[in-house]
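Keep in mind it's a predicted model, so treat the numbers as computed, not measured. Every number for a ligand or one of its atoms is a count from 1 in the order of the listing.
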Amino acid sequence: MADGDLDFSIRRLGECRVPSPLSGVRFTGDDEHVLHHSRLEEVRGWIARRADPPAMEAAGPRERIFFDPAGLACGIVTCGGLCPGLNDVIRAIVMSLHHHYGVRKIHGFRFGYEGLVRARGHEPVLLTPETVNRIHQQGGSVLGSSRGPQDPAEMVRRLEELGIGILFAIGGDGTLRGAQKIAEEARRRGLEIAVVGIPKTIDNDILFVQKTFGFETAVAEARRATYAANTEAEAARNGIGLVKLMGRDSGFIAAYAALVDGHVNFCLVPEVPFSLDGFLQALQKRIERRAHAVIVVAEGAGQDLLAPPGGSDASGNVKYGDIGVFLRDAIKGHFARAGIEANLKYIDPSYTIRSVPAGAHDSAFCLLLGHNAVHAGMTGRTDMVVGFWNHQFTHVPIPLAVLRRRTLEPDGALWSSVLASTGQPRDMR
Ligand code: F6P
């Protein structure tokens, strides 16, 4: 999509006539926007034409709101894979609804969108400041989660039965697509239901969102694995530490793990293709020169080298082959054939990087996301997700956020820094 076609306008349920009960805060004006581009050179064309460059609505509390908090009921649902900070976001939403706006009826739906389908039999739980008070200290989601879509008509019927005015959907692109369908179905039926997403993905791959919550915590956890890999590699003759990290189609976790730990010598990500031979030759050179090496591979990297296992998960993601095990065996075989001793230690931290409680910075980030989601929902904004862009909280229309997954740019500054840190060849094809 061309930049000029980016339409960041957010759908609203109607006019905001109710004065906000908040006091002592700086209200955000509806005319406040955050630029999509942050560099002067990128916006020069628009300035020359005296046109507004693409920009997103700034998030924050508004002076007038759409919903009357008295009698308003809200719902919260967490979907997809786990992520550090889910409970922090749930808590922040409940606290903000209760304390900022005086909303008293907050339903927590169990096990993702399944919880919105009556026939599934999961009764929603009532969330109060008391019940959520300590949940941010635990990993996971107190509501439970699940993958996969559900029938929008049935979900909207359930929301209507419960008199829900705002649904907060915490999840990745699949969840946001589901949220979009719920918003559309509610509109089709003439119901005043706002649907606000909070972007959650450990892979940090939501479009127009600079950083998703839990990502920093996951990278911090991944550091334990790269530390162990390097310790093992340095202590053995021709030691090789191989770490596989999450990252289906986006290698942000692997890239940042490499930047965090300067001992990583090879970082393999889905966005940058390599050949097995190109990689093994580069690894052999490194071993001959330095007698140890640390490799980080994202789970979605090098899939063209593997036989696909076939099928897809409940979210519709095509199942990937195990690149970690494949590389482990390929490296062992290569050095054996070359008659070079090599001691490889394979570490797959797997779910351990995403099932932990959020770290300090992520916790604060979650709280701010939750508050901004509530402010947006109270104004009747719908079919939107709270974003973070150029270090400010924003509103992003869901149709834009789900256009495709955000990926690392192989010719961008981040990947260039990864190459500078690891010292691996730019091209290993
Ligand atoms: O949410 C993204 C992700 O963390 C991917 O990196 C990974 O492929 C997937 O989830 C695994 O989650 P699950 O096994 O729960 O489906």
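Residue contacts with ligand 1 for Tyr351 involve side-chain atoms from C-beta outward but no N, CA, C or O (heavy atoms, distance under 4.0 Å).
The aromatic ring centres of Tyr256 and Phe215 sit less than 6.0 Å apart. Annotation: Phe208 is in aromatic contact with His36 [ring centroid separation under 6.0 Å].
Within the 4.0 Å heavy-atom cutoff, Asp203 counts among the residues contacting ligand 1.
Counting atoms of ligand 1 from 1 in the listed order, those under 4.0 Å from a heavy atom of Gly247 are 6 (O). Against a heavy-atom cut-off of under 4.0 Å, Ile202 is close to the following atoms of ligand 1: 4 (O).
Nearest-residue assignment for atom 7 (C) of ligand 1 (options Arg147, Glu299, Met246, Lys200; heavy-atom criterion): Glu299.
The distance from atom CZ of Arg404 to atom CD1 of Ile206, rounded to the nearest 0.5 Å, is 12.0 Å.
Between His391 and Phe388, the ring planes are perpendicular. Angles over 60° get that label, and only those under 30° would be called parallel.
Scanning all protein heavy atoms for the shortest distance to atom 11 (C) of ligand 1 gives Arg354 NH1, 3.5 Å.
Cation-pi geometry between Arg406 and Phe252 is met: the NZ or CZ atom falls under 6.0 Å from the ring centre, inside 45° of the normal.
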